[in-house]
2 protein chains.
Amino acid sequence: MVHNHEHDACCETHTKVVEKVARELPDEEILYDVAELFKVFGDSTRVRIICALFESEMCVCGIAEVLGMTQSAISHQLRVLKQARLVKYRREGKTVFYSLADAHIKTIFNQAFEHVME
Amino acid sequence: MVHNHEHDACCETHTKVVEKVARELPDEEILYDVAELFKVFGDSTRVRIICALFESEMCVCGIAEVLGMTQSAISHQLRVLKQARLVKYRREGKTVFYSLADAHIKTIFNQAFEHVME
DNA sequence: TTAACATATGAGCCATTGTTCATATGTATT
DNA sequence: AATACATATGAACAATGGCTCATATGTTAA
């Protein structure tokens, strides 16, 4: 038989906790946005781009050279970072320089580094 | 013609920056692990599970009830969180209680919330 | 040991996504 | 205007990933 947990013993017992947690959980929409933000961070190419930009603003082909990837691949990923408002850019002649747009990024990444190095 | 950026004007001009950034970029392996960590955070179901566990330890079917999802779906995601060493669990009879295993998670999530709410 | 409950897991399906390739857009120089 | 360089973008393909369904494992009580 397929499980139906609406009225099983375990959840009956813990109804108080379930209701409390359900009440205090942040809005669906915010949780979705947080997941979307982490999704952007959840790719090693984008992580490497962000870490490169921690050091200095860079042009697209500069980033491509540092990471050993094609200009097209980098440009596509910069688009993702741009849409998430994580990078900003300025044009200088033919060249476009990208840099980080948000101060929270550094804090988030520092904590992440601490976690993976423990 | 296919672009070849090994010796173009832009990267010639910015060689200094490229070399500096390439030198200071963290190890490949660490950057990969950081991306893997964010990948785990980059799903709204897992974000909701983590936020639920911020409030209280919970059993699997309790989490399933709070999120309105099947026990199987939650169990699969808890496995991912377990493998990333983000949650721990204790058994009490038939029930398994999950809770958060790492203090960095709270800090990372607080910063993420601040970013999406600005 | 049999039945019932709580959780875990493997296979399969559908959707998402990162890269490549080709090409378009934008800018400066001649 | 024509060429060259820097960047952006669309289509297509392969790979990844989350959920469902069925079933297995683990635990307790009768």
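Quantities reported herein were computed from a predicted structural model and do not represent experimental measurements.
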How long is the line joining [atom1] of [X] and [atom2] of [N], in whole Å?
X: A:Y32; N: C:dT16; atom1: OH; atom2: C1'; value: 11 Å
X: A:L81; N: C:dG18; atom1: CG; atom2: P; value: 10 Å
X: B:E36; N: D:dG17; atom1: CD; atom2: C1'; value: 12 Å
X: A:L78; N: D:dT9; atom1: CG; atom2: P; value: 11 Å
X: B:I74; N: D:dC21; atom1: CD1; atom2: P; value: 15 Å
X: A:M69; N: D:dT7; atom1: CE; atom2: C1'; value: 16 Å
X: B:E65; N: C:dC5; atom1: CD; atom2: C1'; value: 15 Å
X: B:K94; N: D:dG26; atom1: NZ; atom2: C1'; value: 11 Å

- Going by number, which of residues 85-93 of chain B have a non-hydrogen atom under 4.0 Å from DNA chain D?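 Listed by number, they are B:R91, B:G93.
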- Task: Determine the contact category for A:S72: base if any of its heavy atoms lies under 4.0 Å from a base atom, sugar-phosphate if only primed atoms, P, OP1 or OP2 are that close, otherwise nothing.
- Result: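 Touches a base.
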- Contact class for A:S75 vs. all strands (heavy atom < 4.0 Å): base, sugar-phosphate, or nothing?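 Base contact.
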- Message: Is the ring pair A:Y89/A:Y98 parallel, tilted or perpendicular, if the boundaries are 30 and 60 degrees?
- Response: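 Tilted: the ring planes of A:Y89 and A:Y98 meet at 30° to 60°.
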- Do the ring planes of A:F38 and B:F109 sit parallel (below 30°), tilted (30 to 60°) or perpendicular (above 60°)?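 Rings of A:F38 and B:F109: tilted, as their planes differ by 30° to 60°.
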When you measure from the side-chain N and O atoms of [X] to the phosphate of [N], is any distance below 4.0 Å, counting only OP1 and OP2?
X: B:T70; N: D:dT20; value: yes
X: A:Q77; N: C:dT17; value: no
X: B:Y98; N: C:dA8; value: yes

- Determine whether more than 12 heavy atoms belonging to other residues, nucleotides or ligands lie under 6.0 Å from atom CD of B:E118.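 Counting neighbours around CD of B:E118, more than 12 heavy atoms of other residues, nucleotides or ligands fall under 6.0 Å, so yes.
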- Message: For the CD atom on B:E29, are there more than 12 heavy atoms of other groups (residues, nucleotides or ligands in this structure) within a distance under 6.0 Å?
- Response: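 For B:E29, atom CD is not crowded (no more than 12 foreign heavy atoms under 6.0 Å).
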- Option among B:R79, B:R48, B:M69 that satisfies the side-chain contact (heavy atoms from CB on, under 4.5 Å) test with B:I74: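 Exactly one option meets the side-chain contact (heavy atoms from CB on, under 4.5 Å) with B:I74, and it is B:M69.
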- Item | Side chain of A:T95 (C-beta onward), nearest among D:dT7, C:dG26, C:dT7 |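 For the A:T95 side chain, the nearest candidate turns out to be D:dT7.
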- Joint hydrophobic cluster, B:M117 plus B:V47, side-chain heavy atoms closer than 4.5 Å: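 Yes.
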- Task: Treat each ILVMFWY residue as a node, draw an edge where side-chain heavy atoms are under 4.5 Å apart, and state whether A:F97 and A:I63 are in one component.
- Result: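 A:F97 and A:I63: separate clusters.
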- Closest heavy-atom pair and its distance - A:V17, B:S56: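 Nearest pair, atom of A:V17 first, then B:S56: CG1-OG, 3.6 Å.
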- Item | DNA chain C contacts made by residues 39-49 of chain A, counting heavy atoms under 4.0 Å |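 Contacting residues: A:K39, A:D43, A:T45, A:R46.
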- Task: Calculate, to the nearest 0.5 Å, the distance between atoms CG and CD belonging to B:L78 and B:Q83 respectively.
- Result: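 Nearest 0.5 Å value for the CG-CD distance: 11.5 Å.
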- Spacing of CG belonging to A:N110 relative to NE2 belonging to A:H115, to within rounding of 0.5 Å: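 That separation rounds to 15.0 Å.
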- Message: Should the side chain of B:Q71 and the base of C:dA8 be counted as holding a donor-acceptor pair, with the cut-off at 3.5 Å?
- Response: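 Answer is yes: a donor-acceptor pair is held.
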- Query: Is the aromatic ring centre of B:H76 closer than 5.5 Å to the centre of the six-membered base ring of C:dT9, with the two planes inclined by less than 30°?
  - Reply: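 Aromatic stack with C:dT9 present for B:H76.
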